[in-house]
Amino acid sequence: MPKHTIVLIPGDGIGPEVSSAARRVIEAAGLEVEWVVVPAGADAIERHGYDNVLPDVTLDAIRQHKIALKGPVTTPVGKGFKSVNVQLRQKLGLYAAVRPVRSLAGIKTRYEGVDMVIVRENTEGLYTGIENEITPGVVTSLKVATEKACTRIAQYAFHYAMQRHRRKVTVFHKANIMKLTDGMFLNCSRRVHEEQYPEVAYDEVIIDAGCMKLVQDPTKMDVLLMENLYGDLVSDLCAGLVGGLGVVPGSNIGADSAVFEAVHGSAPDIAGKGLANPLALIMSGVMMLNHIGETAIAEKIKTSYNRVLADGKPNTLTRDLGGTASTSDFAEAVIAKL
Ligand code: ATP
């Protein structure tokens, strides 16, 4: 019997390519694992014959095995089904998205020494998807903030900061305009800081100014705490500071289960061409391994990809990093260094 059973959602777009690369690296590093492969997205209906883009078989597998590695799933723009990624987070109560953004040796960017972690509330805000047409030509979108979810995510961020000896938690908000919803987020963060984690440094910034500060000097930022939509936008902004979407991993953490996935989407523009960088999902796999206590294997993979990056050989780096390697060339280069 393998030691671990892990759910694998290949996803669509570049999902199957990057998830197969991540799977190969994790197996080559020595994880004893049985993968339970389940579908999500349009593919679940078109290729697997389910009646739903997020079938019960997928949700039940994650509920049963608690841990999943997930490739991206395409969300139709302006029409069609509700985002599978959002549904998954809401249905499984994966309330915290944790996205470490770090400079990597060998990847040249404007800044060195970036080391931030975005903690994004993952279940409410504008992502409730409650939209209405009041009358033709007038539509609304409902932003929801509950005291329970705001307090829970603040507790997660402060606990995370304390456990990992981080310097500071900074809340990004727009409570000057959204006085009730972002006001609730801010008040809950302040309360959790004062009552439970006074030893962790805390500050807050209005999100527009926060974005400016991020691009002026990201090394001044540490743990960034924010509501759902801001977390989505700031994650991509931060990815741009350290080399792009190909190098930023993520996890979605709930009380009962956790789903590890890269920050990037399904990148339809490069899907099926072997051009995608699988590093972000490999790094998400490393987060997953640490989460399940396989820290030695996690470290081994991390050391290997860092060596590949530091070597900087064009034939082992993908195109987004200035190289010529395919998705699987990169995976093989990491495996060769294990
Ligand atoms: P979503 O909203 O679903 O998260 P997105 O709008 O952030 O998606 P992506 O699909 O992530 O968009 O793609 C944004 C850009 O980044 C595209 O040009 C895409 O090719 C590029 N990109 C995303 N992921 C990767 C990757 N792993 N390797 C190389 N390029 C990538």
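Start at 1 and go down the list; that is how both ligands and their atoms are numbered.
- Less than 4.0 angstrom separates atom 8 (O) of ligand 1 from at least one non-hydrogen atom of the protein.
- The single protein non-hydrogen atom nearest to atom 17 (C) of ligand 1 is Asp269 OD2, 3.5 Å, given as residue, atom name and distance.
- Classification of Arg63 and Asp256 as a salt-bridged pair fails, no side-chain N sitting under 4.0 Å from a carboxylate O.
- Under a 4.0 Å N-O distance rule, the pair Glu261/Arg89 qualifies as a salt bridge.
- Between Lys3 and Glu32 there is no salt bridge, since no side-chain nitrogen of the basic residue lies less than 4.0 Å from a carboxylate oxygen of the acidic one.
- In this structure, Leu237 is a member of the same hydrophobic cluster as Val114, with clusters built from ILVMFWY side-chain heavy atoms closer than 4.5 Å.
- The nearest heavy-atom contact from the protein to atom 10 (O) of ligand 1 is Ala267 N, 2.8 Å.
- The pair Asp222-Lys168 fails the salt-bridge criterion, with no side-chain N (NZ, NE, NH1 or NH2) lying under 4.0 Å from an Asp/Glu carboxylate O.
- Contact analysis puts Ile270 in contact with ligand 1, with a non-hydrogen atom separation below 4.0 angstrom.
- For atom 15 (C) of ligand 1, the closest heavy atom belonging to the protein is Leu245 CD1, 4.3 Å.
- Ligand 1 is never approached by Thr75 to a heavy-atom distance shorter than 4.0 Å.
- For the side-chain contact (heavy atoms from CB on, under 4.5 Å) criterion with Leu59, the lone passing option out of Val38, Leu54, Asn52 is Leu54.
- Heavy atoms of Ser266 come nearer than 4.0 angstrom to ligand 1 in at least one pair.
- At a heavy-atom distance under 4.0 Å, only side-chain atoms of Asp236, from C-beta outward, approach ligand 1.
- Contacts between Asn277 and ligand 1, counted as non-hydrogen atom pairs separated by less than 4.0 Å, involve both the backbone and the side chain.
- Using a 4.5 Å heavy-atom cutoff, the side chains of Val169 and Tyr197 are not in contact.
- Using a cut-off of 4.0 Å between Lys/Arg side-chain N and Asp/Glu carboxylate O, Glu332 and Arg24 are scored as salt-bridged.
- Relative to atom 11 (O) of ligand 1, the option among Ser235, Gly265, Ala276 with the closest non-hydrogen atom is Gly265.
- With a 4.0 Å cut-off on non-hydrogen atoms, Ile14 touches ligand 1 through its side chain and not its backbone.
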